[in-house]
Amino acid sequence: MVEIELDGKKVEVLEGSMVMHAAEKAGTYIPHFCYHKKLSIAANCRMCLVDIEKAPKAMPACATPVTQGMVVRTKSDKAVKAQQSVMEFLLINHPLDCPICDQGGECQLQDLAVGYGESSSRYQEEKRVVAVKDVGPLISMREMSRCIHCTRCVRFGQEVAGVMELGMSNRGEHSEIETFVGETVDSELSGNMIDICPVGALTSKPFRYSARTWELSRRKSISPHDSTGSNLVVQVKNNQVMRVVPLENEAVNECWIADRDRFSYEALNSADRLTAPMIKQGGEWITVDWQTALEYVAAGVKDIVASDGARAVGALLSPHSTLEELHVATQLMRALGSDNIDHRLRHAEFATAPGVRHLGMPIADLSGLDRSLVIGSNLRKDHPLFAQRIRQATRKGCHVSALVEEVPQWAMPVTHVFVSPAADWVAHLSNVAFALGQETGVASPFGGAADMQAKAIALSLRGGQRKAVLLGNAAAHHPRAAALLAVANWIAEQTGASVGYLTEAANTVGAQWVGAWPQTDGLHAGAMLAGGLKAVFLLQVEPGMDTAGGANAVAQIAKAKMVVSLSPFKTNMDCADVLLPVAPFTETPGSFINAEGRVQSFHAVVRPLGDTRPAWKVWRVLGNMLGLAGFDFDSTQDVLKSIFAADTPPAMVDPSRLNNAAPAHADFSASSVVPCVAPIYGLDGLVRRATSLQMTADARAAHGASHG
């Protein structure tokens with residue numbers, strides 16, 4: 001540790017730290033633009049100049065290492081005059097357009113100009129003008145004349161997103177931040193550049209000119225998309241979601257969010273929203289009130305149970321639904337006498353799991369891995385923030401190995417890669433186990449042969465201290481998922497690694513926790529999608545898009561006597577008989593359990609649109625109408641008490657129920673069924689209806705593949 005004096009206070013910091021780090025520890029604010037705690041030091045802006053005793057001139061706090069006994073003054077005349085001079089230079093070319101700038105009200109330059117700027121400029125020359133650039137549907141670069149060349153966006157792309165899509169060309173006042181020869185910015189984390197831009201140069205294209213920052217109410221929420229459970233601040237005006245930005249949580253999403261977390265709010269206000277219940281009569285859809293719709297559903301269910309038995313009723317539940325919605329839905333189905341419940345919509349194998357499958361480690365520990373083997377995941381697109389953490393680990397020396405269908409484009413160095421059809425994954429993973437057995441002297445129970453790639457991965461996994469074997473969405477949805485898990489567990493045991501599922505959706509772990517899958521002899525999702533049920537409930541599920549069955553599943557479900565679709569959107573109109581408008585995550589309180597088992601609850605941030613109702617309330621009222629006992633919940637807190645048997649839910653679920661062990665009898669026979677994996681902007685109904693996300697290169701590529 002090194003001790004310095006900062007504005008008369010003694011501060012101890014680690015050797016090699018900068019003056020800025022010491023100031024942060026002491027709670028002293030030093031004005032800055034280019035410095036960001038998550039990015040490398042550039043020392044471009046010079047706004048953080050401070051007075052260091054015995055130094056002939058003011059020094060940048062972000063790039064000056066501390067030394068024992070150093071005396072630093074951040075508010076002396078020398079420091080303040082240096083900072084004022086830098087501000088004067090920064091404002092020479094800055095346009096005076098604060099009244100129309102989207103950054104107005106939350107702009108670092110605007111704030112610091114009040115403290116360090118003058119009321120008028122000594123410079124009379126014309127200000128420079130930078131040409132408008134179009135870099136895609138998410139980021140606006142129409143006002144790059146505002147840019148102060150801090151290069152935060154450049155460093156973010158290079159160091160965090162892993163793709164250096166922006167760079168600085170030319171020199172002096174001719175410098176410009178731009179893409180390479182007119183390319184677009186296509187990173188799945190690109191929206192974070194908007195947040196870290198200290199001025200109004202990079203702004204949100206969907207949000208552009210739609211509201212002033214001081215008009216917005218700020219409310220906390222949780223992302224309903226992938227299993228990270230990103231913490232969000234949802235900004236609202238006139239009961240409408242206008243913008244979504246990250247809420248910093250170092251243990252979960254740090255200070256970043258993925259673009260689908262940020263821009264999917266567009267779907268909330270789309271023309272596709274369902275705002276009142278609808279019933280199909282004579283092939284025509286008619287709008288009805290809730291009482292009529294629920295009486296129709298209750299009467300239909302009673303008739304079907306009376307004529308065909310409760311086993312003729314089934315429910316397909318989206319793992320993007322809240323814990324409360326899933327719990328009350330499963331309670332209703334079991335109270336009816338049916339165990340036909342499932343959230344595993346894209347799975348091809350449905351072996352009974354001995355426990356709740358999860359990540360197997362804290363999310364934050366991904367950043368500290370020394371070795372990792374990723375099986376069946378397009379890591380960067382399936383789990384952008386997990387990929388970002390593993391990318392940071394590779395910058396510190398982590399060796400990443402992969403078993404995937406295509407050459408990984410993960411924007412990080414991948415040391416060893418098996419690229420093969422999914423049908424061969426069990427064989428390739430068995431070869432790694434065989435090679436590992438040769439190294440350790442413990443024979444693998446799975447057979448195989450030690451080829452060069454298998455030996456390389458086995459040797460890699462034997463090195464390092466912190467190791468993980470991670471199974472992605474394609475591994476979870478694989479027709480031999482249990483076999484892959486069995487081999488992965490054996491490899492983990494021999495190498496001292498943890499084994500875990502990246503888990504597909506915001507509440508995949510939560511759906512398992514509340515038992516949203518057959519517990520006895522009920523039909524699993526594959527069987528229900530194959531047809532035969534007389535009544536089907538679809539909770540935020542679009543069978544054509546959300547299931548492995550696709551168009552065939554839609555046709556089979558349409559054969560049922562009654563199909564009830566609970567969704568925020570006008571969907572399933574070709575197979576459903578009743579449409580019930582239920583609230584998206586912004587219009588209902590709820591909870592998600594993320595991949596590591598963290599329970600995160602949130603409140604509604606806006607009033608429900610039209611006659612929309614929270615899905616847990618719809619299930620509760622149906623339970624009452626059907627005369628079932630136990631449906632007397634008055635709030636989501638009551639539902640959570642029922643789930644956790646406690647007045648307040650735990651921060652983390654009981655680890656004794658988390659278990660990534662393989663089923664007792666795994667099927668190792670060959671299978672040619674291709675795992676069903678959703679593209680990044682096709683994961684759920686919200687992202688599919690977000691206009692700007694559907695205009696991205698990733699979405700266009702997915703549409704091209706589906707039409708090809």
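Note that the coordinates shown come from a computational prediction; the quantities given were computed from them, not determined experimentally.
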Of His703, Glu266, Arg688, which meets side chain to side chain donor-acceptor pair (under 3.5 Å) against Gln694?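 The passing option is His703.
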Checking side chain to side chain donor-acceptor pair (under 3.5 Å) against Asp226, which of Arg260, His383, His320 comes through?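 For Asp226, the side chain to side chain donor-acceptor pair (under 3.5 Å) check succeeds only for Arg260.
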Taking the basic N atoms (NZ, or NE/NH1/NH2) and the acidic carboxylate oxygens, is any pair closer than 4.0 Å for [X] and [Y]?
X      : Y      : result
Lys381 : Glu406 : no
Glu248 : Lys37  : yes
Glu349 : Arg344 : no

Nearest 0.5 angstrom please: [X] [atom1] to [Y] [atom2], how far?
X      : Y      : atom1 : atom2 : answer
Phe207 : Ser140 : CZ    : OG    : 12.5 Å
Ile375 : Phe418 : CD1   : CZ    : 11.0 Å
Leu403 : Leu484 : CG    : CG    : 7.5 Å
Glu254 : Asn249 : CD    : CG    : 10.0 Å
Ser169 : Glu178 : OG    : CD    : 3.5 Å
Tyr681 : Glu188 : OH    : CD    : 6.5 Å

Backbone N or O of [Y] within a donor-acceptor pair of the [X] side chain at under 3.5 Å?
X      : Y      : answer
Gln465 : Asp370 : no
Asp195 : Trp256 : no
Arg218 : Val233 : no
Asn253 : Ile257 : no
Asp342 : Leu345 : no
Asn473 : Ser377 : no
Ser444 : Ala435 : no
Gln600 : Gly229 : yes
Asp382 : Arg380 : no
Arg700 : Met695 : yes

I want to check something: taking the side chain as every heavy atom from C-beta on, are [X] and [Y] in contact at a cut-off of under 4.5 Å?
X      : Y      : value
Asn231 : Lys220 : no
Thr322 : Ser591 : no
Val252 : Thr228 : yes
Trp410 : Ile390 : no
Thr495 : Arg371 : no
Asp186 : Asp698 : no
Arg152 : Leu39  : yes
Met18  : Pro65  : yes

For Trp517 and Phe350: C-alpha separation, side-chain torsions, deciding distance, then whether side chain to side chain contact (heavy atoms under 4.5 Å, CB included) applies. CA-CA 9 Å; Trp517 51 10; Phe350 300 91; over 6 Å; no
Grab the two heavy atoms, one from [X] and one from [Y], that are nearest each other, plus how far apart they are.
X      : Y      : answer
Cys62  : Met20  : CA-CB, 3.8 Å
Gln494 : Leu436 : CB-CD2, 3.7 Å
Val673 : Pro479 : O-CG, 3.3 Å
Ser230 : Leu385 : OG-CD1, 3.1 Å
Pro663 : Pro354 : N-CD, 4.3 Å
Pro246 : Cys255 : CG-O, 3.5 Å

Between Phe668 and Phe446, how do the two ring planes meet: parallel, tilted or perpendicular, split at 30° and 60°? parallel
For Leu373 and Leu429, what are the C-alpha separation, side-chain angles and deciding distance, and is it a side chain to side chain contact (heavy atoms under 4.5 Å, CB included)? CA-CA 10 Å; Leu373 170 59; Leu429 202 59; 4.1 Å; yes
Within a 6.0 Å radius of atom [atom1] on [X], are there more than 12 heavy atoms belonging to other residues, nucleotides or ligands?
X      : atom1 : result
Lys455 : NZ    : no
Lys25  : NZ    : yes
Met452 : CE    : no

Begin from the C-alpha positions of Thr547 and Val541 and carry the test side chain to side chain contact (heavy atoms under 4.5 Å, CB included) through to its verdict. CA-CA 8 Å; Thr547 74; Val541 173; 4.3 Å; yes
Cation-pi check, Arg480 to Trp425: give yes when NZ or CZ is under 6.0 Å from the six-membered ring centre and within 45° of the ring axis, no otherwise.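 Because its charged atom misses either the 6.0 Å distance or the 45° angle limit, Arg480 does not stack over Trp425.
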Determine, step by step, whether Val404 and Val417 satisfy the side chain to side chain contact (heavy atoms under 4.5 Å, CB included) criterion, reporting the C-alpha distance in whole Å, the side-chain angles of both residues, the deciding distance to 0.1 Å, and the verdict. CA-CA 8 Å; Val404 286; Val417 186; 4.2 Å; yes
Which one of Val514, Ile222, Leu317, Ile593 satisfies the side chain to side chain contact (heavy atoms under 4.5 Å, CB included) criterion with Asn507? Ile593
The single option from Arg466, Gln392, Arg389 passing side chain to side chain contact (heavy atoms under 4.5 Å, CB included) against Leu366: Arg389
Polar side chain donor-acceptor pair, Thr508 to Thr503, under 3.5 angstrom: no
